[in-house]
Amino acid sequence: MIRAAALRLALAPAVLAATGCADADPLAPEPGVITRAVAQPIVGGQIDEQTKGAVGLAVNLLGLYFIGHCSGTLIAPNLVLTAQHCVALTQDEAPGGGVVCGKTDFGTTAGGAIFRVTTQTVRPTEDGPAFHKGAEGPVFTAPGTDNLCGFDVALIVLEGAGVPAKEATPIVPRIDAVPEPGEQFSAIGYGLTEPDGGSSGTRMRIDGNLVKCVGEGCKSAASIKPSEWKGNSPTCPGDSGGPALDGEGRVMGVLSRGPSGCISSVYGGVSAWKDFIVQTALAAAEAGGIDPPFWAVTGSSAAPPPAGPGESCLGFCTEGHVCARARPDDAARVCLAACDPAAPACPARWQCDPDVGACVPEPAAPEPADEEDGCALAAAGPRSSGGAGWFALAVAAAAAACQRRRRIRAFHPACLLGLLLSCSGPAAGSIGALLSRDNATGAVHVREAPDGLPAHEAGLLPGDRIKMIDGVLVDDLGPDEVRRLLRGEVGSKVELTIVRGEEVLRVELRRGPLRQGQELGPQHERVE
């Protein structure tokens with residue numbers, strides 16, 4: 001709370017320190033309501049070793065001064081939600097210290113690089129590897145005025161990708177729902193364990209607190225602004241910036257201030273700052289080169305439904321799958337089969353990536369040169385030196401154009417010429433189906449499965465979506481790569497993963513003799 005955490009000038013203008021202050025407008029309980037605050041302050045809470053997304057804050061000023069001072073919430077791998085008074089000086093306080101709403105303002109805001117964040121249960125007393133450093137540049141503070149009351153919210157961006165997933169899971173901010181009076185919540189912080197002192201620096205949690213009133217509904221506490229709410233959580237100095245978690249574990253409040261004695265608290269409402277939080281999260285993700293959290297993309301705290309195997313995802317997949325990039329340079333994440341690095345069991349041509357715990361494609365082998373493909377280009381009938389020369393140049397131009405555009409889905413006439421050329425060789429085979437790709441989505445579908453050919457015999461139907469070939473995702477592959485996966489010796493096996501309606505099927509086929517000369521459909525390109 002602000003009593004313990006306002007950054008102040010101390011001893012010299014360059015030195016920032018933590019000091020204590022109290023709200024000058026005590027938040028007394030409503031008449032006739034007995035709270036547990038006096039008998040059970042965070043003082044009486046439990047040590048919390050599980051909620052690693054509730055973090056401890058510290059300040060390191062040029063290596064000359066280090067102190068733990070506040071609490072916060074990791075809401076994205078490289079983004080921490082806390083109170084603005086934890087990152088800025090305050091001015092015009094009450095005599096002896098304390099907040100006077102409408103008078104007490106924020107002063108200078110410190111740069112991000114002086115702040116440290118730890119996920120450890122006990123905040124270390126010295127800087128080191130247990131802390132994550134704030135990024136160079138500004139700390140982001142609630143837009144509007146410099147008033148403390150109603151604007152006591154800030155975001156600290158961490159260096160690089162921030163906190164690894166194996167260390168802590170970020171806590172989802174409740175950006176789309178205001179707390180309701182009577183709603184229960186949990187308070188977490190690293191503050192004092194006694195109202196009049198005691199130890200601090202250990203993450204404590206107390207459950208079963210109640211939202212007493214919200215914004216203008218707080219008639220008994222005029223100092224509570226429309227963007228704030230009051231709870232009976234028994235928080236103490238040092239808990240400032242810490243989270244109030246709802247029943248689903250989402251952060252719905254940022255601890256701002258409260259009266260002496262640790263008997264109640266005022267929280268900045270998270271939903272009141274939705275746009276500010278979302279925009280900062282998107283900017284932080286881009287700066288750190290990481291994926292933005294789902295809630296910043298969707299604008300909703302509700303997790304999206306889990307995606308299926310091979311489908312694009314925002315962090316949530318069906319059981320047994322992990323949302324990750326199949327290749328480091330892929331633009332989107334998809335649901336990949338989970339694996340155990342100690343006992344990997346990935347499909348052929350896939351390997352277990354220990355960093356993401358999922359099966360990813362093995363690095364692609366270098367493509368053979370055209371003359372090594374076993375392809376023979378031939379013109380029927382008598383040869384003409386002029387005609388043969390023109391034909392050879394046309395074939396070369398088509399091959400070059402296809403090579404340049406191999407990963408572009410839009411149809412190109414020069415590529416059609418290459419697709420219609422005969423590429424014959426001994427025992428060349430494939431699945432005997434005509435496939436098409438939707439230019440808008442990249443989805444590869446069965447367009448035709450002629451009678452008597454392997455695809456038809458294996459039960460493939462027009463409209464089936466092919467997600468994988470021998471375990472390799474095909475949505476981002478070029479047509480040449482898809483053909484290379486489908487083709488092989490006549491009689492050899494190939495396994496397809498098919499999506500048909502809501503079903504995911506695995507179909508094993510034996511390749512048959514390769515057929516040529518199929519046509520392209522409108523807005524599609526043929527891949528087999």
Side-chain angles (χ1 to χ4, degrees), residues 50-55 72-82 140 142 153 155 162-163 165 168-188 205 207-211 214-215 226-229 231 242-255 267-286 288 290-325 331-336 338 356 358 441 502:
Q50 305 301 318
T51 317
K52 297 184 182 296
V55 297
T73 308
L74 187 73
I75 59 173
N78 67 342
L79 191 63
V80 173
L81 177 65
T82 189
F140 295 87
V153 173
L155 291 161
V163 180
T169 300
I171 296 174
V172 175
R174 195 168 109 177
I175 55 176
D176 48 8
V178 178
E180 296 288 340
E183 183 175 355
Q184 290 195 5
F185 67 95
S186 300
I188 305 178
R205 173 176 180 142
D207 301 317
N209 309 290
L210 297 177
V211 176
V214 179
S227 62
E228 299 177 324
W229 55 275
L245 305 184
D246 68 7
E248 297 182 33
R250 303 172 299 181
V251 54
M252 64 180 188
V254 180
L255 184 59
Y267 286 88
V270 170
S271 61
W273 299 105
K274 175 179 178 177
D275 291 344
F276 164 61
I277 293 171
V278 166
Q279 291 168 11
T280 307
L282 293 174
E286 183 175 358
I290 60 176
D291 294 318
F294 77 84
W295 49 265
V297 176
T298 64
S300 171
S301 298
E311 294 181 343
S312 296
C313 54
L314 286 173
F316 299 91
C317 296
T318 52
E319 187 175 357
H321 295 83
V322 176
C323 186
R325 287 180 173 82
R333 294 183 295 169
V334 296
C335 290
L336 304 172
V356 298
T441 66
E502 298 181 354

Quick one: pull up OG1 in Thr169 and NZ in Lys52 and give me the separation to the nearest 0.5 Å.
10.0 Å

Determine the minimum heavy-atom distance between Pro170 and Ile75, stating which atoms define it.
CB-C, 3.7 Å

Which atoms form the tightest heavy-atom contact between Arg174 and Pro179, and what is the distance?
NH2-CA, 3.3 Å

Begin with the C-alpha distance, continue with both residues' side-chain angles, and end with the deciding distance and a verdict on side chain to side chain contact (heavy atoms under 4.5 Å, CB included) for Leu245 and Arg205.
CA-CA 10 Å; Leu245 305 184; Arg205 173 176 180 142; 4.1 Å; yes

Which label fits Trp229 and Tyr267: parallel for a plane angle under 30°, tilted from 30 to 60°, or perpendicular past 60°?
parallel

With rounding to the nearest 0.5 Å, note down the distance linking CG in Leu336 to SG in Cys317.
7.5 Å

Any side-chain heavy-atom pair from Cys323 and Phe316 closer than 4.5 angstrom?
no

Please name the pair of heavy atoms, one in Val214 and one in Pro181, separated by the smallest distance, quoted to 0.1 Å.
CG2-CD, 4.1 Å

At their closest point, which heavy atom of Val251 faces which heavy atom of Val270, and how far apart are they?
O-CG2, 3.6 Å

Considering only heavy atoms from C-beta outward, does the side chain of Leu81 approach that of Ile171 to under 4.5 Å?
no

Please identify each residue that fulfils salt bridge (Lys or Arg N to Asp or Glu O under 4.0 Å) with Glu180, with sequence neighbours left out.
none

Any side-chain heavy-atom pair from Met252 and Val178 closer than 4.5 angstrom?
no

Without swapping roles, check the side chain of Asn209 against the backbone of Phe185 for a donor-acceptor pair under 3.5 Å.
yes

Taking side chain as C-beta onward, heavy atoms only, is Val163 less than 4.5 Å from Val55?
no

Tell me which donor-acceptor pairs under 3.5 Å the side chains of residues 291-311 have, and how far apart each pair is, sequence neighbours excluded?
residue	atom	partner	partner atom	Å
Asp291	OD1	Arg325	NH1	3.3
Asp291	OD1	Arg325	NH2	2.5
Asp291	OD2	Arg325	NH1	2.9
Asp291	OD2	Arg333	NE	2.8
Thr298	OG1	Phe294	O	3.0
Thr298	OG1	Ser300	N	3.2
Thr298	OG1	Ser300	O	3.4
Ser300	OG	Asp176	OD2	3.2
Ser300	OG	Ala302	N	3.1
Ser301	OG	Pro173	O	2.6
Ser301	OG	Ile175	N	2.9
Ser301	OG	Asp176	OD1	3.3
Glu311	OE1	Gly308	N	2.8

List, one per line, each side-chain donor-acceptor pair under 3.5 Å for residues 275-282, sequence neighbours excluded.
residue	atom	partner	partner atom	Å
Thr280	OG1	Phe276	O	2.7

Please round to the nearest 0.5 Å and tell me the distance separating atom CD1 of Ile188 and atom CG of Leu255.
12.0 Å

Does the Asn78 side chain pair with the main chain of Ala284, one donor and one acceptor, at a distance under 3.5 Å?
yes

